[in-house]
Amino acid sequence: MFESEFEEKLFALRQEKLKEIAALGQQLGLTEAEATYPNSYPATASIPELRERYIDRAQPTTAEDFAANRVEVAIAGRVMQIRVQGKAGFAQLQQGGLRLQMYVRKDDVGEAQFGIYKLLDLGDHVGVKGYLFVTRTGETTVHVTELRFLTKALLALPDKYHGLEDVELRYRQRYVDLFMNTGQSAKQAEHGPAQKVADDPDAVAGVESQQPGESQPLHEAAPPNVREVFVKRAQILRALRKFFDERGYLEVETPMMQPVAGGATARPFTTHHNALDLDLFLRIAPELYLKRLVVGGMDRVYEINRNFRNEGVSTQHNPEFTMLEFYQAYANYHDLMDLTEELIKFVAMEVNGSLLTRFPIPKGPRSGEIVAIDLSQWQRLSMREAIVLFWPDQAGQAPSLRDFQNPHTLLPIHFSNGAVAMRQHRSALGDTQDAVFVDPDAPDTESSRKRVRLANLEVYFESVAHLLKEGTRVGNVISEVFEVLAEEHLVQPTIIYDFPLAVSPLSKVKPEEPEWVERFEFYIGGFEVGNAFSELNDPVDQRRRFEAQVAEKARGDDEAMEMDEDYVRALEYGLPPTAGEGIGIDRLTMILTGQRSIRDVILFPLMRPVAK
RNA sequence: GAGCCUGUAGCUCAGUCGGUAGAGCAUCGCCCUUUUAAGGCGUUGGUCCUGGGUUCGAGCCCCAGCGGGCUCACCA
């Protein structure tokens, strides 16, 4: 039960204090329960409300104003600081992430209540009645006329200056993190929230980077304002709903437990229904159910809820994550491109009041670098254009768009030549080793990193050339090449459109290019945030694609899709031309709140339980 | 799943060459009726992540394991 002897002793000591508080309460005519764990407190206003009305404004109410027109208040909050001064004293109460100071004098409240004040510990909850005044040092404060004890903290609060910084404890005991890291600690006020700054000197260069002078040394950085992040997360959800509600979309809820886990390629979690003796899967996407609803005549639907994928955990992946999916009948992917830009801009304005956001890039060679992202400027590139555009400088002549029309013959030439060019470039740098033997753990200097990268890319290009010539899984290879070459560059908002058919079993093909589908993903901050397409609505084609997926699965791809007979049947009744999109809400929240890890935008991220 | 980093008081952290376990805050006691990381004097608090090994002697060196962070892989 207790983590240490220290905690056990403290717990016992504070139980003793509760008894003393009960005794003092008796003098005030309170029962033991009323004195120690009362049921309520009739506050007249919250601390944030009072601060907004009298303090946090251009012209705060002055000492003279308060003296002329006494403002009586009753507030409640958690005690975060105590400064006793003999027969008087101060304390800071925190509510809603903000603090208000109270001032108690024995002369004003009497023996019993002052006794209660002296028994207060950091973390206790109290309610006070009094009037506002301004102290000598200029802090607006409640001059207490009546003090009520509300709840005792039986455990010790973390360091009042640093707050709770241990990342593991912050995630495991979010309830402590939430009241400690509200931006109110002295350290947070001095240093601002933690942001890892690029340790790579050349990574800080460039127009969009922050100026070096803005860098915060890592050891001085305070934890983020956790409360603010989650308040913003709620604002993001509200803004999304507002956006879709205003446009006639209906919010729906579809099954989280599904007999067939469809709509995406991912490994599912399995569970079991006892009464029906039925194996079920936690959904990996709501997609197939939402499109059933469009068949049912719900022309515009959206759902915001959890998806579950039994995959790895990283700074961009949590096994359960929140997804927005929406579908619009009689629209195609071009309509959704426009809608996406509008949506992201709308949400950013609602939440931040700005289309600029500072974001630490979470992965890739620029990992940790803080960039200013301009959500008003969107670039649109086809996947093929992106590969051409981000073809490495040292990899020779980039393919042309026309080369993609002959992916088995023209395209492999560029990858083979690219591998040769990179090898030459590398040996010009003095690296004569065979690429595969380049040690990835070589000293971590800029030039060694470049060589390793070049060498790995060289091997990769050779294998791509080989795969393309063979002609198997060409679509998979192309989309993978896109991710390898382009993704890390897509820091500013970018729509990547037209995907290979092979990686898009639910998308409609482009009428003039049957190997490509009407699909786009959008990228911000160097990772994918959303995925959209014109929905495949030909049931015969859909059945064929499911069968191809089933064959993939049989070949060992355990992420390939399964046949969903009922979904095909729904399509047989007729899905109108429809476009749909999914947006990762956690990732969007990361971008709009400047958080580097998905765990910093999920209240209770998955953690391995502590071993007993 | 792999690599790197990391684990010392409730919290934030020191700990030199391998030689008795340290500081600040918090706790507890005393003083202090406008303080604000309040202050002053004193006090308590340790399975140095766990288990082995080396050594006269291990917080420190070695091996194994566990937790966490980061990077990579899978993936969104």
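These numbers come from a predicted model, not from an experiment. In the text below, chain A, chain B and the rest are named by the order of the sequence lines, each starting its count at 1.
Taking a centre distance below 5.5 Å and an interplanar angle below 30 degrees as the stacking criterion, Phe90(A) does not stack against the six-membered base ring of rA38(B). For Tyr161(A) and rA37(B), the ring-to-base geometry satisfies the stacking test (centroid distance below 5.5 Å, interplanar angle below 30°).
Between Arg105(A) and rU34(B) there is no side-chain N or O to OP1 or OP2 distance below 4.0 Å. Contact annotation: Arg596(A) side-chain N/O to rU71(B) OP1/OP2 distance is under 4.0 Å. Residue Arg608(A) places at least one side-chain N or O closer than 4.0 Å to OP1 or OP2 of rG67(B). Residue Thr315(A) places no side-chain N or O under 4.0 Å from the OP1 or OP2 atom of rG69(B). At rU35(B), none of the side-chain N or O atoms of Thr135(A) fall inside 4.0 Å of OP1 or OP2 (strictly under the cut-off). Between Arg170(A) and the phosphate of rG69(B), there is no side-chain N or O to OP1/OP2 separation shorter than 4.0 Å. Considering only side-chain N and O atoms, Lys160(A) lies under 4.0 angstrom from the phosphate OP1 or OP2 of rA26(B). At rA38(B), one or more side-chain N or O atoms of Gln81(A) fall inside 4.0 Å of OP1 or OP2 (strictly under the cut-off).
Looking at Glu320(A), Glu303(A), Glu325(A) one by one, the single match for salt bridge (charged side-chain N to carboxylate O under 4.0 Å, His left out) with Arg283(A) turns out to be Glu303(A).
Residues Ile598(A) and Gln316(A) fail the side-chain proximity criterion, which asks for heavy atoms closer than 4.5 Å.
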Legend entry - Verdict with supporting geometry, Glu559(A) and Glu311(A), side-chain contact (heavy atoms from CB on, under 4.5 Å): CA-CA 10 Å; Glu559(A) 286 181 358; Glu311(A) 313 271 0; 2.9 Å; yes

Legend entry - Candidate pair Phe149(A) and Leu119(A), rule side-chain contact (heavy atoms from CB on, under 4.5 Å), full reasoning: CA-CA 10 Å; Phe149(A) 182 82; Leu119(A) 287 167; over 6 Å; no

Inset, instruction - Could you go through the salt bridge (charged side-chain N to carboxylate O under 4.0 Å, His left out) check for Arg473(A) and Glu552(A) one step at a time? - result: CA-CA 11 Å; Arg473(A) 303 162 58 86; Glu552(A) 289 261 321; 3.3 Å; yes

Legend entry - From CA spacing to verdict: side-chain contact (heavy atoms from CB on, under 4.5 Å), Glu480(A), Tyr460(A): CA-CA 11 Å; Glu480(A) 188 188 292; Tyr460(A) 179 65; 2.7 Å; yes

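A salt bridge does not link Asp107(A) with Lys87(A): every distance from a Lys NZ or Arg NE/NH1/NH2 to an Asp or Glu carboxylate oxygen is 4.0 Å or more.
Checking rG57(B) for Watson-Crick or G-U wobble geometry (two distances, each under 3.5 Å) identifies no partner in any strand. If you check rU34(B) for Watson-Crick or wobble pairing at under 3.5 angstrom, you find it has no partner at all. Look at rU27(B): it lacks any Watson-Crick or wobble partner with both distances under 3.5 angstrom.
Within the nucleic acid shown, Asp107(A) comes within 4.0 Å of at least one base atom, counting heavy atoms only. Nucleic acid contact for Gly530(A): none, since no nucleic acid atom lies under 4.0 Å from a heavy atom of the residue. Residue Arg99(A) is out of contact with every strand shown, counting any heavy-atom pair closer than 4.0 Å. Residue contacts shown for Asn318(A) include a base, since a base heavy atom lies under 4.0 Å away. Backbone-only contact: Leu13(A) has heavy atoms under 4.0 Å from sugar-phosphate atoms and none from a base. Residue contacts for Gln316(A): at a heavy-atom cut-off of 4.0 Å it reaches a base atom on one of the strands shown. Thr265(A) comes within 4.0 angstrom of sugar-phosphate atoms only, judged by non-hydrogen atoms across all strands, and of no base. Nucleic acid contact class of Val104(A) (heavy atoms, under 4.0 Å, all strands): none. Within 4.0 Å of Gly584(A), counting heavy atoms only, lies no atom of the nucleic acid at all. Residue contacts for Gln85(A): at a heavy-atom cut-off of 4.0 Å it reaches a base atom on one of the strands shown.
Taking only distance into account, the side chain of Gln101(A) meets the base of rU35(B) through a donor-acceptor pair shorter than 3.5 Å. Between the base of rU35(B) and the side chain of Arg83(A) there is a donor-acceptor pair shorter than 3.5 Å. For a distance-only test at 3.5 Å, the side chain of Asp166(A) fails to qualify as a donor-acceptor partner of the base of rG68(B).
Atoms CZ (Phe133(A)) and P (rU33(B)) sit 15 Å apart, rounded to a whole Å. One can place NZ of Lys118(A) at 15 Å from C1' of rU35(B), the figure rounded to the nearest angstrom. One atom, CG of Asp600(A), and another, P of rG68(B), lie 15 Å apart when rounded to the nearest Å. Nucleotide rC74(B) holds its C1' atom 14 Å from the CZ atom of Phe321(A), rounded to whole Å. Distance Arg267(A) CZ to rG1(B) C1': 11 Å, rounded to the nearest Å.
Nearest nucleotide to the side chain of Arg309(A), out of rG67(B), rG10(B), rA76(B): rA76(B). Closest to the side chain of Glu5(A), out of rU33(B), rC70(B), rG46(B), is rG46(B).
On the C1' atoms, rG45(B) is 10 Å away from rC28(B), given to the nearest whole Å.
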